[in-house]
Amino acid sequence: MPLIVQKFGGSSVANPEKILRAARRAIRAQQEGNQVVMVVSAMGDTTDDLLELAAKITDRPPAREMDMLLSTGEQVSVALMAIAIHSLGHKALSLTGAQIGVKTDASYRKARIKSIETTRLRKSLDDGNIVIAAGFQGIDDDFNITTLGRGGSDTTAVALAAVLRADACEIYTDVDGVYTTDPRVVPEARRVGRIGYDEMLELASLGAGVMHSRSIEFGKKFDVPIHVRSSFTDQLGTMIVAEPERPDLPVSGAAITKDEARITVQGVIDRPGTSLEIFSRIAAKNISVDMIVQNIGQSGRADISFTVPQNELDTALEAVREAAKVVSAEGVTSDANVAKISVVGLGMAKQTGVAEKMFRSLADAGINIQMITTSEIKISVLVSRERAPEALRIVHHAFQLDTSPHAPREEPKARGESHAARENSRGDLAAAVVTRLQSMNMEELTIDDISLDSSQARVTISGVPDKPGIAAKVFEDVAAAGIFVDMIVQSHPSAAGAATLSFTVPQNQLSKSVEAARRIAQSLGCQQVTSSPIISKLSVSGVGLRTHVGVAIRMFKALSDAGVNVEMINTSEVRVNVVVDGAAGEKGLAQLQSAFADVLR
Ligand code: ADP
Ligand code: ASP
Ligand code: MG
């Protein structure tokens, strides 16, 4: 019998009428011949209300007790859902995370799933029940209740779909699918018919709150197609699957991370081990860091800037201040009023002109770009929080995400068809997945590849004025010279108000690039242009690299142990790239291969 998982988010169970509506949907699915597992979130704003209640008592509640508190939200809704299904004359059984056997690690507030028991679930389903699982929660080895992080019910749902080898995983929410960007911020956003795991992973981790990013990691790792749709209509929704609808599109979505904060460690001595000292202390607090950029200064000292979630700024600052003492930094500054705007697209890796289009659109609106980082499939810029929603709209429009080429061309298939298709393709793949599920921690880090690219060179312009329009001008001129740029990083401006802008180009375009950079530097009044004729780009790719805070640290540690200095870095969900000196490439590669040997598949 086909098995489906249906997840209902907070707004879909916000009151008794909505609970009954969700109950009817599950009953309908059962009557159509499926076994049904429902995963439900806490009702409406319950989780926020519980957080607020605790905050009225103290601003430093123990994490363990917060999980005890927050998990009650989901316990209420599973019970009410079971009551609703009974009242409609059908069999249902509600289960908490502990009752199912959702085993997690012990990191309260952001626990990771290690394993899920299926015996009791299967038995209850075989007895004819609709099983209602509490989302967002589990237990650690000592039976303490843990929660998976805000939005974590999505992850419960996809993880259950994976262990049960479900035929469908349906995420019912208050939008009718995944849009090109948050439709609450940009009303012109359009629904996408089908999106790839990699793009969705990036979008989710860059702020597209429609899905918890870790749920997409599960989808990708365990081959679970995810169907996002409205709980209030019968619209077709969006399929999140391996193959995107338009792999050729340079940009398929845009996202905003509203609540970011920037930290800068000023005047550190630029030598191996400095970054490790700083980031390992932050990682020890389980805080994930993004947009790491160095401003290579004069006289061997550099500024290191990066972003953290705003609500973790204070904790991160404590760690950074300790590290700053150890590395004899000149100071630490921070800004709690910034936001990150990102564009994501698989096609951008093979096309030119994407970055400058983004920078130009912001420049024309007079929006200052405070930092830039790029990776193969995304470009992120840091702007002031105040102008961030406007920046998102502008960028969304610049890539014409609001017009027709992005309208869904392919509509999600109905459940029955996808069941048949999956039945056919199951065989070996299913067996392989099941073996993998039994042999590992479900959310364990997995690395697919470690590689070295020694074909590029680096150009750095320093003393770049801190005002709107500079990055746009630089990359328009570079593009006009026919140069293909790969990585771009722009540091946060130094205390004196000037930033460093570095980019990588193919080695045979270096002299042309340096010439162009010199012309640009002169016309914009920058200080100087430096370059490196051969650099080595070392890349580690896998799944969920940013949520595993330890990945960048392992890289820093392995390289620093070998005395290799990291010149540039960028992180994405599927890949971390570091640029090191050209001569250190092979040594760096060997170091990384041994550092990740235990998780390389
Ligand atoms: P639920 O309670 O069902 O889990 P969420 O509030 O977590 O719902 O997620 C749905 C919301 O995500 C939407 O109302 C929308 O505002 C927001 N959102 C952000 N980015 C996107 C996007 N790219 N596509 C669709 N919705 C998005
Ligand atoms: N109730 C939790 C939250 O609000 C989990 C979820 O809804 O996914 O974050
Ligand atoms: Mg959600």
Side-chain angles (χ1 to χ4, degrees), residues 6-14 18 22 38-52 66-67 69-78 97 102 109-111 133-138 146-160 170-193 195 199-216 226 228-232 235 237-238 240 251-258 311 341-345 389 392-393 395-396 401-402 406 408:
Q6 298 190 322
K7 180 254 171 180
F8 293 86
S11 48
S12 307
V13 292
K18 289 182 176 166
M38 296 177 88
V39 174
V40 292
S41 293
M43 295 170 68
D45 297 329
T46 304
T47 309
D48 291 321
D49 297 344
L50 292 170
L51 284 166
E52 241 171 70
M66 285 309 292
D67 277 359
L69 178 68
L70 296 183
S71 68
T72 62
E74 272 69 14
Q75 194 170 334
V76 169
S77 40
V78 286
V102 177
R109 306 288 300 270
K110 30 181 145 169
F136 176 58
Q137 54 178 265
T146 54
T147 66
L148 308 182
R150 294 307 305 270
S153 296
D154 297 328
T155 294
T156 307
V158 183
L160 279 174
E170 300 176 337
I171 306 290
Y172 289 94
T173 182
D174 63 354
V175 265
D176 61 0
V178 175
Y179 277 59
T180 48
T181 195
D182 189 342
R184 273 189 231 172
V185 185
V186 182
E188 310 83 64
R190 301 179 69 100
R191 181 173 62 86
V192 184
I195 187 165
E199 286 172 325
M200 192 64 224
L201 248 178
E202 290 301 340
L203 286 170
S205 93
L206 294 167
V210 61
M211 290 298 291
H212 194 225
S213 71
R214 280 162 45 200
S215 69
I216 313 299
I226 302 167
V228 182
R229 53 192 308 191
S230 165
S231 67
F232 308 122
Q235 298 288 323
T238 300
I240 307 173
V251 171
S252 56
I256 175 170
T257 315
K258 264 184 235 127
N311 61 2
I341 304 292
S342 310
V343 295
V344 171
L392 180 66
R393 266 196 302 279
V395 167
H396 187 264
L401 295 176
D402 43 5
H406 306 265

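Keep in mind the model is a prediction, meaning the values are calculated, not measured. Whatever order the structure lists them in is the order used to number ligands and atoms, beginning at 1. Only heavy atoms go into these numbers, but all of them, side chains included; no hydrogens, no water, no symmetry mates.
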### Query
Please state which protein non-hydrogen atom is closest to atom 6 (C) of ligand 2 and give its distance, to 0.1 Å?
S153 OG, 3.4 Å
### Summary
Taken in chain and number order and not counting sequence neighbours, the residues that satisfy side chain to side chain donor-acceptor pair (under 3.5 Å) with K258 are none
### Task
Report the nearest protein non-hydrogen atom to atom 8 (O) of ligand 1: residue, atom name, distance rounded to 0.1 Å.
T173 OG1, 3.1 Å
### Query
Closest non-hydrogen protein atom to atom 24 (N) of ligand 1, residue and atom name please, with distance?
Y179 N, 2.8 Å
#### Entry: Numbering as shown, the atoms of ligand 1 that approach G9 to under 4.0 Å (heavy-atom distance)
1 (P), 2 (O), 3 (O), 4 (O)
#### Entry: salt_bridge(R184, D174) N-O dist < 4.0 Å
yes
### Query
Per the side chain to side chain donor-acceptor pair (under 3.5 Å) rule, which among E188, R191, H396 passes with T180?
H396
### Message
Is there a salt bridge (Lys or Arg N to Asp or Glu O under 4.0 Å) between K7 and D154? Walk through the geometry before answering.
### Response
CA-CA 7 Å; K7 180 254 171 180; D154 297 328; 2.7 Å; yes
#### Entry: For T47, the ligand 2 atoms whose distance to one of its heavy atoms is below 4.0 Å
1 (N), 2 (C), 3 (C), 4 (O)
### Message
So, taking the atom named OG in S205 and the one named NE2 in H212, what distance separates them when rounded to the nearest 0.5 Å?
### Response
11.0 Å
### Query
For the residue pair A42 and T46, what are the closest heavy atoms and their distance?
CB-CB, 3.8 Å
### Query
Taking the non-hydrogen atoms of G152, is any one of them nearer than 4.0 angstrom to ligand 2?
yes
### Query
Of the choices K7, E74, M43, R150, which has the non-hydrogen atom that lies closest to atom 4 (O) of ligand 2?
R150
### Message
Return the closest protein heavy atom for atom 10 (C) of ligand 1 as residue, atom name and distance.
### Response
D174 OD1, 3.3 Å
## Note on the structure
the protein heavy atom lying closest to atom 14 (O) of ligand 1 turns out to be R184 NH2, 2.6 Å
### Query
Got an N/O contact under 3.5 Å between S41 and ligand 2?
yes
### Query
To the nearest 0.1 Å, how far is atom 21 (C) of ligand 1 from its closest protein heavy atom, and which atom is that?
D182 CA, 3.6 Å
### Query
Taking all atoms of both residues into account, what is the closest heavy-atom pair of T146 and D67, and its distance?
CA-OD2, 3.3 Å
### Query
Side chain, backbone, both or neither: which part of P183 comes within less than 4.0 Å of ligand 1 when only heavy atoms are counted?
side chain
### Query
So, Q6 versus E170: side-chain donor-acceptor pair below 3.5 Å or not?
yes
## Note on the structure
The salt bridge (charged side-chain N to carboxylate O under 4.0 Å, His left out) partners of K18 (sequence neighbours excluded) come to none
### Message
Please find the pair of heavy atoms, one from L206 and one from T257, that lie closest to each other, and give the distance.
### Response
O-OG1, 2.6 Å
### Query
Is there a nitrogen or oxygen of G151 sitting under 3.5 Å from a nitrogen or oxygen of ligand 2?
yes
### Proximity of L203 to ligand 1 by residue part, where a heavy atom lies under 4.0 Å
neither
### Task
Mark the output for G209 as yes if a heavy-atom distance to ligand 1 is under 4.0 Å, and as no if none is.
yes
### Query
Quick one: nearest non-hydrogen protein atom to atom 25 (C) of ligand 1, plus distance?
G177 O, 3.4 Å
## Note on the structure
For atom 4 (O) of ligand 1, the closest protein heavy atom turns out to be K7 NZ, 3.1 Å
## Note on the structure
The closest protein heavy-atom partner of atom 2 (O) of ligand 1 is G10 N, 3.1 Å
### Summary
ligand 1 to V178, heavy atom cutoff 4.0 Å, flagged ligand atoms 24 (N)
